[in-house]
Participant: 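Sending over a structure as structure tokens; questions will come in a sec.
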Amino acid sequence: MKKIGFQTLGCKVNIYESNALKNELLHRGYQIVEPSEECDAFIINTCSVTNMADAKSRKIIHKMIKLNPNAVFCVMGCYSQTSDDVLNIPEVDVIVGNGNKLDIIPLLEEKLLDKSIEQKLNRVDILNYHDFEKLEVTSYDHTRAFVKIEDGCENFCTYCIIPYARGPVRSKNAEDLILELKRVTASGFLEIVLAGIHTGKYNDNGLNLTGLIKRILKEVPLIKKLRLSSIEINEIDEEFISLLGKTSVLANHLHLPLQSGSDLILSKMERKYDLNFFIKKIQAIRAVRPDISITTDIIVGFPYETEAEFLETYSFAKKIGFSKIHVFPYSLRKGTKASLMPQVKELQKKERTKRLIDLSNQLELEYAQQFLHKKMDCIIEQETKDGFMVGHTTNYLQVHIPLNQIYLKKYVMIEVTEINQGKIYGKIIE
């Protein structure tokens with residue numbers, strides 16, 4: 001039995017795609033092994049969202065080649081799509097872009113049969129690639145299943161390379177998706193996360209994201225919780241907000257990337273909203289879900305950001321009352337408009353990043369304290385090494401509960417009993 005090693009970098013979409021390929025390889029009789037183990041072939045699914053991501057992808061490729069010098073090496077994903085560097089690594093046998101990831105398996109098999117054949121290159125220009133690739137995951141390692149519904153992005157924010165790496169928006173056929181969800185939930189998965197590069201742009205022959213969610217709720221009754229990995233604020237319409245107020249199956253959590261709390265910086269980023277639009281949407285959401293968890297992404301130290309613009313961001317984030325802020329110091333990405341703009345000094349970025357992380361920790365604690373001694377549904381995911389098991393509530397609070405094996409990977413009702421040193425503790429009441 002041939003052994004295949006895997007290393008996945010980057011986003012949840014990459015994780016989904018790697019899992020789909022693992023499932024297919026298992027179906028074909030291969031064994032999937034840990035990255036540190038000796039193997040016959042190795043697949044690296046790369047990320048290219050920043051220059052640092054490129055560097056990490058290169059580092060992992062070279063590291064794995066040293067660990068497995070005799071393996072057939074396959075590189076796929078965003079880094080292989082956007083950079084010619086991979087072509088110059090002689091040990092890499094197969095290179096696949098983002099529009100044709102399923103091709104990696106037959107190319108890998110061809111190379112395994114005869115290592116003397118020429119290097120296989122398969123780099124589709126996905127800017128002209130309009131079909132959604134039919135990947136499907138049939139098993140997962142966790143209680144939460146990520147299901148890819150969309151690929152590609154056409155926003156072209158000035159800091160981002162992803163539209164060039166992933167190509168145009170394309171969506172999964174709704175019928176195929178419903179069948180996949182039925183299979184996943186029948187296997188016992190309690191929570192589904194709908195994932196994509198630009199999830200809010202889902203469109204299958206006129207069926208938009210809200211219409212898709214309505215179909216899922218109607219046709220896949222075994223789903224306990226349905227969650228979106230992320231959605232842009234300007235893609236949340238009245239229909240979506242109305243649905244949010246009508247069904248408890250939709251998780252009490254939304255991840256809405258803000259990126260900056262300064263209108264000047266938002267315009268430099270070429271985002272599609274301003275602060276007034278953002279806050280009005282938040283108010284509309286909270287009108288139907290007052291205690292919803294709203295998390296966000298913020299880039300610190302973007303070109304042109306002075307202390308004044310940073311303070312605007314800090315104040316706006318505090319005003320919104322996010323339950324968590326994912327803080328990213330701006331990382332220059334060659335090939336983007338922002339890479340040609342005046343850059344903020346690294347020391348300033350580092351100092352501002354720390355201040356915003358401190359604010360995030362404060363807001364996270366304040367949000368969690370609202371639920372002390374309150375009852376919430378929770379999916380128990382795993383046990384820890386210190387006598388607890390950990391689960392996430394519908395509003396994505398991570399709760400530590402005294403270990404009881406019978407509740408692992410179950411959907412339960414819990415009560416939050418204590419918040420101590422940033423950790424949330426609870427007990428099962430149902």
Participant: Side chain to side chain contact (heavy atoms under 4.5 Å, CB included), that's the test. Do Tyr30 and Leu112 meet it? Break it down for me.
Facilitator: CA-CA 12 Å; Tyr30 294 94; Leu112 279 172; 4.1 Å; yes
Participant: As a quick check of understanding, evaluate side chain to side chain contact (heavy atoms under 4.5 Å, CB included) for Glu305 and Val300, giving each step before the final call.
Facilitator: CA-CA 8 Å; Glu305 183 189 80; Val300 172; 4.1 Å; yes
Participant: Please tell me if the side chains of Tyr407 and Ile414 come closer than 4.5 Å, counting only heavy atoms from C-beta onward.
Facilitator: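 The answer is no; the side chains never approach within 4.5 Å.
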Participant: Considering all heavy atoms of both residues, which atom of Thr394 and which atom of Arg227 are nearest to each other, and what is their separation?
Facilitator: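 In this case the closest contact between Thr394 and Arg227 is O-NH1, 3.2 Å.
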Participant: Do Thr306 and Glu309 get their side chains close enough for a donor-acceptor pair, meaning under 3.5 Å?
Facilitator: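 Yes, Glu309 and Thr306 have a side-chain donor paired with an acceptor closer than 3.5 Å.
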Participant: Begin from the C-alpha positions of Tyr164 and Thr336 and carry the test side chain to side chain contact (heavy atoms under 4.5 Å, CB included) through to its verdict.
Facilitator: CA-CA 10 Å; Tyr164 305 98; Thr336 62; 5.6 Å; no
Participant: In the structure I gave you, are the side-chain heavy atoms of Met376 and Asn252 within less than 4.5 Å of one another anywhere?
Facilitator: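 No, every pair of side-chain atoms sits at 4.5 Å or beyond.
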Participant: Strictly below 4.0 Å, N to O, side chains only: are Glu154 and Lys201 in salt-bridge contact?
Facilitator: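 Answer for the salt bridge query: no.
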Participant: Can you tell me which residue pairs pass the salt bridge (charged side-chain N to carboxylate O under 4.0 Å, His left out) test with a partner in residues 250-262, sequence neighbours excluded?
Facilitator: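 Listed by first then second residue: nothing to list.
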Participant: Around atom CG of Asn88, are there more than 12 heavy atoms from other residues, nucleotides or ligands closer than 6.0 Å?
Facilitator: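 Result for CG/Asn88: enclosed.
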Participant: When you compare the side chains of Ser57 and Thr46, does any donor N or O come within less than 3.5 Å of an acceptor on the partner?
Facilitator: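 Note: Ser57 and Thr46 side chains miss the donor-acceptor criterion.
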Participant: Between Ser18 (side chain) and Asn14 (backbone), is there a donor-acceptor pair under 3.5 Å?
Facilitator: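 Yes, Ser18 side chain to Asn14 backbone: donor-acceptor pair under 3.5 Å.
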Participant: Do the side chain of Asp151 and the main chain of Arg170 share a donor and acceptor less than 3.5 angstrom apart?
Facilitator: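 Judged by distance alone, no pair lies under 3.5 Å.
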Participant: Run Met269 and Ile299 through side chain to side chain contact (heavy atoms under 4.5 Å, CB included) and show every step you take.
Facilitator: CA-CA 10 Å; Met269 291 176 167; Ile299 297 171; 4.0 Å; yes
Participant: Where is the tightest heavy-atom contact between Pro329 and Thr353, given as atom of each residue plus distance?
Facilitator: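 Heavy atoms only, the tightest pair is CB-OG1, 3.6 Å.
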Participant: Got Leu311 and Arg355 here, is their nearest side-chain heavy-atom distance under 4.5 Å?
Facilitator: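 Yes, at least one pair of side-chain atoms sits under 4.5 Å.
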Participant: Which atom names give the shortest non-hydrogen contact between Asn208 and Gly211, and what distance separates them?
Facilitator: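 Smallest interatomic distance, heavy atoms only, reads OD1-N, 2.8 Å.
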Participant: Would you indicate whether the side-chain heavy atoms of Val344 and Phe302 approach each other to under 4.5 Å?
Facilitator: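 SC-SC contact between Phe302 and Val344 ruled out.
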Participant: Look up atom CD in Glu91 and atom CG in Asn68, then write down how far apart they are to the nearest 0.5 Å.
Facilitator: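 Output value for this atom pair is 12.5 Å.
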Participant: Check Glu235 with Lys281, please: is the shortest side-chain N to carboxylate O separation under 4.0 Å?
Facilitator: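 No, this pair does not count.
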Participant: Could you tell me the separation between the CD1 atom of Ile298 and the NE2 atom of His326, rounded to the nearest 0.5 Å?
Facilitator: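 Spacing of CD1 (Ile298) from NE2 (His326) equals 10.5 Å.
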Participant: Is the closest side-chain heavy-atom distance between Asn19 and Phe146 below 4.5 Å?
Facilitator: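 In short, these two side chains do not touch, never coming nearer than 4.5 Å.
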Participant: Is it true that a side-chain atom of Thr296 and a backbone atom of Leu258 form a donor plus acceptor pair closer than 3.5 Å?
Facilitator: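 Looks like yes, one N/O pair under 3.5 Å.
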Participant: Looking only at the side chains, is there a donor atom on one of Thr393 and Asn395 sitting less than 3.5 Å from an acceptor on the other?
Facilitator: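 Yes, because at least one side-chain N or O of Thr393 sits under 3.5 Å from a partner of the opposite role on Asn395.
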Participant: Would you call the rings of His400 and Phe388 parallel, tilted or perpendicular if under 30° counts as parallel and over 60° as perpendicular?
Facilitator: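 It falls in the perpendicular class, over 60°.
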Participant: If you look at every heavy atom in Met341 and Lys268, which pair is closest and at what distance?
Facilitator: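 Heavy atoms only, the tightest pair is CE-O, 3.6 Å.
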Participant: Do you know the tightest heavy-atom contact between Pro257 and Phe278?
Facilitator: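 Looks like O-CE1, 4.0 Å.
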Participant: Less than 4.0 Å between a side-chain N and a carboxylate O, is that true for Lys349 and Glu346?
Facilitator: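 Looking at Lys349 together with Glu346, the answer is yes, because their closest N to O distance falls below 4.0 Å.
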Participant: For the residue pair Lys148 and Tyr16, would you count it as a cation-pi contact if the rule is NZ or CZ under 6.0 angstrom from the ring centre and within 45 degrees of the ring axis?
Facilitator: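 Because its charged atom misses either the 6.0 Å distance or the 45° angle limit, Lys148 does not stack over Tyr16.
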Participant: Does Val96 offer a backbone N or O that forms a donor-acceptor pair with the side chain of Ser80 under 3.5 Å?
Facilitator: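 Yes, Ser80 side chain to Val96 backbone: donor-acceptor pair under 3.5 Å.
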Participant: Just how far is it from atom CG of Leu207 to atom CD1 of Ile213, taken to the nearest 0.5 Å?
Facilitator: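 The CG atom of Leu207 sits 10.0 Å away from the CD1 atom of Ile213.
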Participant: With a 4.5 Å heavy-atom cut-off, do Ile419 and Phe371 have their side chains touching?
Facilitator: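 Contact flag for Ile419/Phe371 side chains = no.
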Participant: Kindly give the heavy-atom pair with the smallest separation between Ser260 and Ile265, and that separation in Å.
Facilitator: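 Minimum heavy-atom separation between Ser260 and Ile265: OG-CB, 3.3 Å.
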Participant: Does a donor on one side chain sit under 3.5 Å from an acceptor on the other, for His255 and Ser229?
Facilitator: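 Result is no, nothing qualifies.
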Participant: Got a second to check how far Thr313's OG1 is from Ile325's CD1, nearest 0.5 Å?
Facilitator: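 Answer rounded to 0.5 Å: 9.5 Å.
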Participant: Using a 4.5 Å cut-off on heavy atoms from C-beta on, say whether the side chain of Leu228 contacts that of Leu209.
Facilitator: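 In contact.
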Participant: Can a donor-acceptor pair be found, under 3.5 Å and without considering hydrogens, that links the side chain of Thr185 to the backbone of Lys182?
Facilitator: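 The answer is yes, because a donor-acceptor pair under 3.5 Å joins these two groups.
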Participant: To the nearest 0.5 Å, what is the distance between CD (Gln7) and CD1 (Ile61)?
Facilitator: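 Between atom CD of Gln7 and atom CD1 of Ile61 there are 10.5 Å.
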Participant: Using atom types as modelled and distance alone, determine if a side-chain donor or acceptor of Lys375 lies under 3.5 Å from a backbone N or O of Met413.
Facilitator: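 No.
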Participant: Whether Lys22 engages the ring of Phe6 as a cation-pi pair (distance to the six-membered ring centre under 6.0 angstrom, angle to the ring normal within 45°) should be assessed.
Facilitator: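 Yes, cation above the ring, under 6.0 Å and within 45°.
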Participant: Applying salt bridge (charged side-chain N to carboxylate O under 4.0 Å, His left out), which residue pairs with at least one partner in residues 318-335 are found, sequence neighbours left out?
Facilitator: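 As it turns out, the salt bridge (charged side-chain N to carboxylate O under 4.0 Å, His left out) pairs with a partner in residues 318-335, which skip direct neighbours, are Asp54-Arg333, Lys324-Glu364.
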Participant: Do the side chain of Ser267 and the main chain of Leu264 share a donor and acceptor less than 3.5 angstrom apart?
Facilitator: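 Checked: pair present.
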Participant: Would a distance-only check, ignoring hydrogens and angles, find a side-chain to backbone donor-acceptor pair under 3.5 Å from Ser171 to Asn203?
Facilitator: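 Yes, because the side chain of Ser171 sits within donor-acceptor range (under 3.5 Å) of the backbone of Asn203.
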Participant: Can a donor-acceptor pair be found, under 3.5 Å and without considering hydrogens, that links the side chain of Asp263 to the backbone of Leu275?
Facilitator: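 Looks like yes, one N/O pair under 3.5 Å.
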Participant: Can you tell me how far CZ of Phe322 sits from CD1 of Ile294, rounded to the nearest 0.5 angstrom?
Facilitator: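 If I round to the nearest 0.5 Å, the distance is 7.5 Å.
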Participant: Could you check whether any side-chain N or O of Asn173 sits under 3.5 Å from a backbone N or O of Glu175, counting only pairs where one atom can act as donor and the other as acceptor?
Facilitator: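 Between the backbone of Glu175 and the side chain of Asn173 there is a qualifying donor-acceptor contact (under 3.5 Å).
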Participant: Would you indicate whether the side-chain heavy atoms of His198 and Arg166 approach each other to under 4.5 Å?
Facilitator: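 Result no, sub-4.5 Å side-chain heavy-atom pair not found.
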